[in-house]
Amino acid sequence: NAGVTQTPKFRVLKTGQSMTLLCAQDMNHEYMYWYRQDPGMGLRLIHYSVGEGTTAKGEVPDGYNVSRLKKQNFLLGLESAAPSQTSVYFCASSRRRTSGDLYNEQFFGPGTRLTVL
Amino acid sequence: GENVEQHPSTLSVQEGDSAVIKCTYSDSASNYFPWYKQELGKGPQLIIDIRSNVGEKKDQRIAVTLNKTAKHFSLHITETQPEDSAVYFCAAKSGGSYIPTFGRGTSLIVHP
């Protein structure tokens, strides 16, 4: 049981280049999330998904796109990278919220450190 | 929307001392308050949580307290050890929301 995995662990891009970050979870979780972490800013939500084929914007969605084609995978895309997107990116997942269990723990991946030059 | 303030941003203690991290929230509908610990180079991991129907919860050396009237909650770590050194995040969430709101984090340093 690997939990939440992220690929790649590190990446350096030049301004204007594109890339996709992959998140995979093997816990059969319905909900998945992408966060970015910057010094002094905590965890800021980029996009999230409450099920296969559905996505929604978070607090800081500009410059990013996402897709959830399979339940276990959540992809984060940068179409034209900018230096402001230099950050550590975390993926997380959690169980579906039910009437008997409204409070679901988020499980985080190990992060991807992205530098945009 | 919800706003969570966390203090202090950095906390330095000697091994064996106690550490307290405080958070305030703005949305009175919030009723779930998790705390996450992030070790260097890793993702955050849940260490303890509290729901609005209780005022305090303990798990060995860590405890959380909640004051719903004042809209603040705190993490208490007793007998700190060097392995407690990490970044700690508080969060708040209502049962009707998919998404918790995180504080900005506290970097705890425990000196041997």
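Chain letters run A, B, ... following the sequence lines, proteins first, then strands; residues in each count from 1. Computed over heavy atoms, backbone and side chain alike; hydrogens, waters and symmetry mates excluded.
With a 6.0 Å radius and a threshold of 12 heavy atoms from other residues, nucleotides or ligands, B/K22 has its NZ atom at or below the threshold. Environment of CD in B/Q81: crowded, with over 12 heavy atoms of neighbouring residues, nucleotides or ligands closer than 6.0 Å. The environment of CD in B/Q60 is sparse: at most 12 heavy-atom neighbours from other residues, nucleotides or ligands sit within 6.0 Å. More than 12 heavy atoms of other residues, nucleotides or ligands sit less than 6.0 Å from atom CD of B/E56. For A/R44, the CZ atom counts as densely surrounded, since its 6.0 Å shell holds more than 12 non-hydrogen atoms of other residues, nucleotides or ligands. No more than 12 heavy atoms of other residues, nucleotides or ligands shown are found within 6.0 angstrom of CG on B/L40. Residue A/E52 places its CD atom among more than 12 non-hydrogen atoms of other residues, nucleotides or ligands, all under 6.0 Å distant.
Between atom NZ of residue B/K42 and atom CZ of residue A/F108 there is a gap of 15.5 Å, rounded to the nearest 0.5 Å. The distance from the CG atom of A/N104 to the CG atom of B/L46 is 11.0 Å, given to the nearest 0.5 Å. Rounding to the nearest 0.5 Å gives a distance of 8.0 Å between CD1 of B/I99 and OG of A/S94.
Taking every heavy atom of both residues into account, B/F89 and A/G42 meet most closely at CE2-CA, 3.7 Å. Nearest heavy atom pair, residue B/Y36 against residue A/Q106, reads OH-N, 3.0 Å.
Both A/L13 and A/L21 are assigned to one and the same hydrophobic cluster, defined by single-linkage of ILVMFWY side chains at heavy-atom distances under 4.5 Å. Both A/Y89 and A/F74 are part of a single hydrophobic cluster, where members link through side-chain heavy atoms under 4.5 Å apart.
Most heavy-atom pairs under 4.5 Å with chain B, from the set A/G111, A/G58, A/G40: that is A/G40. Highest contact tally toward chain A, considering only B/G103, B/G43, B/P34, B/A91, is held by B/G43 [criterion: heavy-atom pairs under 4.5 Å]. For the set B/P100, B/S9, B/G105, the entry with the most heavy-atom pairs within less than 4.5 Å of chain A is B/P100.
Contact of B/Q38 with chain A is made through the side chain alone, with heavy-atom distances under 4.5 Å. Both the backbone and the side chain of B/P44 come within contact range of chain A, judged by heavy atoms closer than 4.5 Å. Proximity to chain B is limited to the side chain of A/Y33, based on heavy atoms less than 4.5 angstrom apart. A/L45 touches chain B through its side chain: at least one heavy atom from C-beta onward sits under 4.5 Å away, while N, CA, C and O do not.
Side chains of A/M41 and B/F102 form no contact here, defined as non-hydrogen atoms less than 4.5 Å apart.
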